Protein chains: 2
Amino acid sequence: MRADAQRNAEKLRTAAAELFRERGLQAPLKEIARRAGVSHGTLYNLFGTREALIDEVVTDLAADRLEEVARHALAQDDAWDGFVYYIETLCELQVTDAAISDVVAGRYPNAERLMALCGRARDAATRIIERAHESGALRPDFTGEDLVFVFATNAVLSRAVKDTAAPDAWRRGIAFVLDGLRTEAAHPLPTAPLTGQQLYEVMANVAAAR
Amino acid sequence: MRADAQRNAEKLRTAAAELFRERGLQAPLKEIARRAGVSHGTLYNLFGTREALIDEVVTDLAADRLEEVARHALAQDDAWDGFVYYIETLCELQVTDAAISDVVAGRYPNAERLMALCGRARDAATRIIERAHESGALRPDFTGEDLVFVFATNAVLSRAVKDTAAPDAWRRGIAFVLDGLRTEAAHPLPTAPLTGQQLYEVMANVAAAR
DNA sequence: ACATAACTTGACCATAGGGTCAAGTTAAGG
DNA sequence: CCTTAACTTGACCCTATGGTCAAGTTATGT
């Protein structure tokens, strides 16, 4: 690869990281090119597809963040506190980083490496949930698949309250949900949990809805 | 108004009602005209703006539904049951009618009559909430403004699960929240409730988020 | 220094949406 | 039946998006 192409790729990566962060994974590619000070043709040349760009620019960063949060959550003495830490910290990330918000909410295209990362993240989440189950604090009928509800929800909520006079209001919404997830709060649920297949279907719809 | 114009207006109203119901209040005006079998120029001629069309086609219908649900909720013997009925029934409406879903979620443009209706609906909701507060079943720190969280959330959720193998999954999401709204489940909240002004701001963002 | 492969550009294609208006058509009153 | 005001149409304008490619430019090896 020629040196100028290398430089352009770098400028594009930087611009893409910024814009994805600000506006989410659906940010217009032409605007990324504009911000990088480069023709959009060059972007298509160097990266080909949005997915490739995402995989280069978002995946590793998101992986680091998600793994760090999961590690910390499992490190907490109290399993319930760990669970709450996991939910709340990911929700905080959703507020400050629209790209991660989309990742966590399952609102991402079929970027290969990103999907692999999400698989790993789900495994980590499962461990955190199981630990909270075993401690007795988390209601037993809450499953890993139910997390989509929490994060898809918070993606919308946090975007709506951001840049208003009450930018922290999402915490209130999440607090109501968390109070409903304690074992003492549990009442029988009206519906079976999602299967893996169903989760996949639902996530595809969340990704399409924009 | 000439008879042919009258007929066209009627065709447009019918098509608009259908499309709003299927796809929400942001359905393309040109597609409404297409479905009505009429030029989009005629739509602009007869209605002028999307807001005017919404006010003619959605507002009364939505008003009937919302008032009916509120009435029923207040008629329940048990205040908590009434509150749950209110939430669940509106959420059910959100599943079957995307127009009402937008109305309930606060995702509507500045259509005059529709906004007036929403004011009235909020008053009704306040009464239902107060009654549930007085009965002691609903946590005292839950306010009418917190309803946006519930309905904006369910607008997304229900759209994501609709047309999947688990079209009722939204009930699960709502059930977790409802369990968190009981007095026994309450733990201190991290944030003050939204003021009326803040609610307005948040709703404007919900409306802008497509 | 120059040939050439590598790279960049911007015009161009298409789609989808909002919106306007001159020109043509038609309902309806006299 | 014929005039005319009312109405309809669709071509046209704009913006924004995804995407392609011929033609022009430039870095780099020899």
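These figures come from a predicted structure and were not determined experimentally. Per chain, numbering begins at 1; letters A, B, ... match sequence-line order. Hydrogens, waters and symmetry mates play no part in the numbers below; they use all other heavy atoms, side chains included.
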query = Between Pro109(B) and Leu25(B), what is the shortest heavy-atom contact and its length?
reply = CD-CD1, 4.4 Å
remark   = In whole angstroms, the gap separating C1' of dT8(D) from CG of Leu46(B) amounts to 9 Å
task = Can you label the angle between the Phe151(A) ring and the Tyr86(A) ring as parallel, tilted or perpendicular, going by 30° and 60°?
result = perpendicular
request  = Decide whether Gln197(B) and Thr195(B) meet the rule of one side-chain donor and one side-chain acceptor closer than 3.5 Å.
outcome  = no
query = Tell me: CD of Gln6(A) to P of dT8(C), nearest whole Å?
reply = 11 Å
ask   = How does protein contact run along nucleotides 16-24 of chain C, one letter per nucleotide 5' to 3', with B for base contact, S for sugar-phosphate only, - for none, heavy atoms under 4.0 Å?
value = -SBBB----
task = Compute whether any side-chain donor of one residue and acceptor of the other, for Gln94(A) and Asn154(A), lie under 3.5 angstrom apart.
result = yes
query = According to the interplanar angle, ranging from 0 to 90°, do the rings of Phe83(B) and Trp80(B) count as parallel (below 30°), tilted (30 to 60°) or perpendicular (above 60°)?
reply = tilted
inquiry  = With a cut-off of less than 4.0 Å, is there a side-chain N or O of Asn8(A) near OP1 or OP2 of dC7(C)?
reply    = no
message = At under 4.0 Å between heavy atoms, how does the protein contact nucleotides 25-30 of chain D? Give one character per nucleotide, 5' to 3', with B, S or -.
response = -BSS--
request  = Using whole Å, report how far CG of Leu12(A) lies from C1' of dT8(C).
outcome  = 11 Å
message = Quick check: closest heavy atoms across Ala160(B) and Asn205(A), and the distance to 0.1 Å?
response = O-ND2, 2.7 Å
Short N-O contact, Arg171(B) and Glu88(B), less than 4.0 angstrom = no
key: Atom CD of Glu22(B) with >12 non-hydrogen neighbours under 6.0 angstrom   = yes
